[in-house]
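Take a look at the structure set out below.
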Amino acid sequence: MEGVSRNADQYPAFFAVYNMETSEIISFYPNSADELYLLFEHFCDHFHATSRTPLFMNFISSHSNNIHALEQLRLIKNKSSSFSQFVKRMLASLPFSCQSQSPSPYFDQSLFRFDEKLISATDRHRQSTDHPIKFISRRHPFSLKFKIKPGPEAGSTDGQAKKICSFLFHPILPLALSIQQTLFLHPSVVNIHFRR
């Protein structure tokens, strides 16, 4: 007997578009609907419950407000072997939690380029690496602006243990926390990253 798959894109799911003012369901979509994906691609910012009125909220990059994020999405779409599986995988992130994205300017893809497999504005655990995560300037393409090393300062002693890391960035100040955990009983490593 095989284990249960944790991939949400393998199970049928449905989305309802609901009008809060009239208490009506406007439309109903399966998780493989091309039409819903196109709405998500073009109007991603409207799927967030957060207000964009505070000035620091403008730093949240999405593929509907940032050309670099859109290029990255198109690259992922072109590499995908099946468009319907790609749509399901993209729509599996819906609905967005109101606190799921960091408004830190360090995640503004107009300012910095970084590896989204290792770190992103979306609040979730990521696989951790032993080498630092680099933030490269968009204005000066080969200029390393800063790097974050999430693990212990001396490096990892156990190269076999699978590590996950999460990050918490201050919305305005140049300050971040990284929390690295292993799947075994090793203690968590918490680092405070700040600009010197």
Side-chain angles (χ1 to χ4, degrees), residues 2-10 44 48 50 56 59-63 66 68-69 71-77 79-81 85-86 88-138 141-196:
E2 292 187 49
V4 177
S5 173
R6 303 272 183 234
N7 292 340
D9 60 346
Q10 293 182 356
C44 181
H48 293 275
T50 57
F56 61 86
F59 293 116
I60 295 178
S61 295
S62 75
H63 47 267
N66 185 289
H68 304 292
E71 286 173 7
Q72 191 171 26
L73 177 72
R74 288 185 176 153
L75 196 103
I76 294 168
K77 187 192 317 184
K79 285 183 179 179
S80 181
S81 60
Q85 286 301 317
F86 168 77
K88 286 181 181 181
R89 193 168 52 252
M90 289 293 110
L91 296 180
S93 63
L94 295 176
F96 290 127
S97 164
C98 62
Q99 296 175 338
S100 68
Q101 292 213 301
S102 172
S104 172
Y106 294 118
F107 291 119
D108 185 346
Q109 292 187 14
S110 297
L111 301 174
F112 299 107
R113 188 171 42 101
F114 46 86
D115 188 348
E116 284 228 26
K117 293 177 190 159
L118 302 176
I119 192 169
S120 79
T122 305
D123 182 26
R124 66 182 177 127
H125 294 300
R126 304 263 178 183
Q127 184 172 345
S128 186
T129 64
D130 290 329
H131 59 277
I133 300 167
K134 297 175 183 177
F135 286 74
I136 310 293
S137 171
R138 287 260 184 215
F142 299 106
S143 174
L144 174 67
K145 286 301 185 184
F146 65 96
K147 51 188 171 182
I148 292 179
K149 185 173 184 334
E153 193 61 35
S156 177
T157 57
D158 184 8
Q160 299 294 327
K162 185 172 181 176
K163 297 170 286 228
I164 56 172
C165 194
S166 56
F167 297 90
L168 180 62
F169 278 74
H170 192 279
I172 322 168
L173 299 176
L175 176 72
L177 295 176
S178 65
I179 302 101
Q180 185 184 61
Q181 301 166 322
T182 59
L183 298 180
F184 300 105
L185 298 175
H186 299 287
S188 296
V189 176
V190 179
N191 289 323
I192 300 173
H193 307 276
F194 57 92
R195 187 174 178 188
R196 293 183 190 189

Within 6.0 angstrom of L173 CG, more than 12 heavy atoms from elsewhere: yes
With sequence neighbours excluded, residues passing salt bridge (charged side-chain N to carboxylate O under 4.0 Å, His left out) with K134: none
If I take atom CZ from residue F135 and atom CZ from residue F114, how far apart are they, to the nearest 0.5 angstrom? 6.0 Å
Closest approach of N191 and P150, non-hydrogen atoms and distance? ND2-O, 2.8 Å
Checking side-chain polar atoms at under 3.5 Å, does S178 have a donor or acceptor matched by the opposite partner on H193? yes
Mind checking what makes ring-ring contact (aromatic ring centres under 6.0 Å, His included) contact with F86, not counting sequence neighbours? Y37
Between Q109 and the options E116, E71, R138, the side chain to side chain donor-acceptor pair (under 3.5 Å) test singles out E116
Donor-acceptor contact present, side-chain R113 to main-chain P141, <3.5 Å: yes
Spacing of K149 atom NZ and C165 atom SG [to the nearest 0.5 Å]: 10.0 Å
Determine the interplanar angle of the F169 and Y106 rings, folded into 0 to 90°, and report it as parallel if under 30°, tilted if 30 to 60°, perpendicular if over 60°. tilted
Taking atom CG of L168 and atom CD1 of I192, what is their separation to the nearest 0.5 Å? 11.0 Å
Please report the shortest heavy-atom distance between L118 and H131, naming the atom on each side. CD1-NE2, 4.3 Å
Atom CD in Q180, atom OG in S128: separation rounded to 0.5 Å? 3.5 Å
Between CD1 of I119 and NZ of K117, what distance do you get to the nearest 0.5 Å? 15.0 Å
What pairs with K147 under side chain to side chain donor-acceptor pair (under 3.5 Å), at least two apart in sequence or on another chain? none
About how many Å separate CG of L111 and CD1 of I136, when rounded to the nearest 0.5 Å? 13.5 Å
Could you check, using the six-membered ring where one of them is a Trp, whether F112 and F107 have ring centers closer than 6.0 angstrom? no
